[in-house]
Amino acid sequence: MKEENFCTKGGRMRLSRYFLPTLREDPSEAEVVSHKLMLRAGMIRRLASGIYTWLPLGLRVLRRVENIIREEMDRAGAQEILMPLVQPAELWQETGRWGNFGPELLRFKDRREHEFCLGPTHEEVITDLVRKEVRSYRDLPLILYQIAPKFRDEIRPRFGVMRAREFLMKDAYSFDADEKGLERNYRLMYETYTRIFRRCGLRFQAVLADTGAIGGSESHEFMVLADTGEDRLAVCEACGYAANVELAEVKRPYAYAEEPERPLKKAATPGVKSVEEVAAFLGVSPQKLVKTLLFRAGKEVVVVLIRGDLELNEVKLRNLLRVPAVEMADAETVERLTGAPVGFAGPVGLSGVRLLADLSVRGLKNFVTGANQADAHYLNVNYGRDFPEPEFYDLSVAQEGDPCPRCGRPLDLTRGIEVGHIFKLGTKYSEAMGATFLDRQGRERPLVMGCYGIGVGRTVAAAIEQNHDENGIIFPREIAPFQALILTLGPEQALLEASERLYQELQTQGVAVLWDDRDERPGVKFKDADLIGIPYQIIVGKKFRETGRVELKERATGRREEISPESLPEKLSS
RNA sequence: CGGGGCGUAGCGCAGCCUGGCAGCGCACCUGCCUUGGGAGCAGGGGGUCGGCGGUUCAAAUCCGCCCGCCCCGACCA
């Protein structure tokens, strides 16, 4: 007889043999609850900033999410491929993104001094593949996808796998002959994503979104609703409008009392810089202040005016200026242009720069601005008189209660975690890279593309963020690492034998089951069981000794019922 | 990139100010005991005190440089 493998002796899903390093206390490095719980439950361990290893329990959850995605993508007719993480610079130079992707694109050279990067996304690679292989409209439509690691050298990785530098992503790309085809595929992916996140047991919301570095015409983000989310959403309950606040159009009514223009006056404001400080110092409301913001957009510097109580929306500014990124001008630039230290910039006397203003400034009279001079502000400033009339655009961030741009009812603001993002790319990449096909008339035309991403690890973290209590994780059934956990509470042979029989039987019935056969006291087993969040706990202990029945405890509700061991497999496999 | 904090056993931390044996709790190993919500007793193992350099008879502790991690900011005008 063959010797039994010492690692799998008695079956591999025994906790006494399972690599599950749980932590009794919160690790100090973790801030948000999902990160703490993933570390404590032995799902992940950090290797370096934003770089994580998935341990067996965590990997099982990751795989379950992956498999839901795979099933739904396949069902939608997409075909799975696997592309390289390492990508040659040449492809990125073709689309121009080598230059303007920014420092999160990790670049390096191989031994022959050829330039490469770690792929933060795969538009270039897929477009290269398809331009080489697809010739005819007969090959269309086509959707390809992969589930593979990505690398983005984030400024500030945080929250564990929620904002990691290396992360697992599902990315899909659609290719069509025309806009109509793209529209069909975009809708198909929208529906597929809805199915995926619903199956993962998440409460989520699809919102209109900015297209950012990926580009394209239209896009939606799928947001898991959570207070710890990094994105703010504007949602209208009345008509269903929902948008990332970065994008949400502001249709705020600006009603300003008619008042005569008063003479310009300079006021000393020593050391008074921020809006709150200036307003308090001069005894006026922040709505009477106009902030003067200097931005660097490529080589150009632009000046933007906005009412003091409002927030400037950099995404709107970036899209208006049609540049890949805008950033606040540094102190040196501010001083050179305004002649004053940061905190005292104003539009009066500025020249040689483009002057923009948010709609909130239009109609505003006798406002307060910096005087372009240290420790001084102007009162009673009026555009058209004291400085040239600026170009007005919608450049502010939507606020709670602003009117919905579609129906006018007040908007709600909530927070969300972006787990999915879909884009209509159009011909941006196909034209740049010459990815064309021959249509029915034999004309050469660029492929019309879409792209569709899901953060797999982030989805796991978001699910935990939404499903936990003070004792630990409560996994939604579809993504739980196991369906049931057998707790053997006591060292007696009879308990062990009964547990082992149950364990074998459940496995034979196809129920994913883990058995806590460790020589630990009941308290330890209960605590770990609640922490790792497996939906059902099967307790073989006191009740079994007394009655021969076991207890079935549901993790989510804490409900316990007594049940005969024989009826368990049927109950759990349903 | 700017500001702040931290780095001492696997985890959580004290010791540092005022230099003089490297500690506590949990975890781990052995034995006894115990078995329904992170038990108890006894014994034990484990440390480049983030790194390098300096000051000193003597450095976890003081000084300098570097590295790493966490938080906040990058919307200040």
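Below, chains carry the letters A, B, ... as their sequence lines are ordered, and counting in each starts from 1.
- Nucleic acid contact for G370(A): none, since no nucleic acid atom lies under 4.0 Å from a heavy atom of the residue.
- Ion pairing of R555(A) with D469(A) is present here, as a side-chain N (NZ or NE/NH1/NH2) and a carboxylate O approach within less than 4.0 Å.
- With C1' as the reference atom, rC49(B) and rA59(B) are 11 Å apart, rounded to whole Å.
- Closest approach to the D519(A) side chain among rC71(B), rU35(B), rG36(B) is made by rU35(B) (side chain taken as heavy atoms from C-beta onward).
- The shortest distance between the side-chain N/O atoms of S28(A) and the OP1/OP2 oxygens of rC70(B) is not below 4.0 Å.
- Nucleotides rG40(B) and rA27(B) place their P atoms 8 Å apart, quoted to the nearest Å.
- Counting only heavy atoms from C-beta on, K527(A) has its side chain closest to rG38(B) among rG12(B), rG73(B), rG38(B).
- Separation of the Y383(A) and F392(A) ring centroids falls under the 6.0 Å cut-off.
- An OP1 or OP2 oxygen of rC11(B) is reached within less than 4.0 angstrom by no side-chain nitrogen or oxygen of R40(A).
- Taking a cutoff of 4.0 Å between a charged side-chain nitrogen and a carboxylate oxygen, R107(A) and E115(A) do not qualify as a salt bridge.
- Closest approach to the R24(A) side chain among rC26(B), rC71(B), rG37(B) is made by rC26(B) (side chain taken as heavy atoms from C-beta onward).
- Considering only the side chain of R158(A), rC71(B) comes nearest among rG36(B), rG25(B), rC71(B).
- In terms of heavy-atom proximity, V550(A) sits nearest to P565(A) at CG1-CG, 4.1 Å.
- Taking only side-chain atoms of R156(A), from C-beta outward, the nucleotide of rA39(B), rC72(B), rG36(B) with the closest atom is rC72(B).
- Comparing rU34(B), rG12(B), rG36(B) against the side chain of R521(A) picks out rU34(B) as the nearest.
- In the interface, the side chain of R46(A) is not paired with the base of rG68(B) through any donor and acceptor atom under 3.5 Å apart.
- Contacts classified as salt bridge (Lys or Arg N to Asp or Glu O under 4.0 Å) and involving residues 391-400 of chain A (residues at least two apart or in different chains) are given here: K316(A)-D394(A), R354(A)-E391(A).
- When the C1' atom is used for both rG47(B) and rC28(B), the distance is 15 Å, rounded to whole Å.
- Judged by atom type and distance alone, D530(A) reaches the base of rG37(B) through a side-chain donor-acceptor pair under 3.5 Å.
- A gap of 9 Å separates the C1' atoms of rU8(B) and rG23(B), to the nearest Å.
- Side-chain atoms of E29(A) stay outside donor-acceptor range of the base of rG12(B), with no qualifying N/O pair under 3.5 Å.
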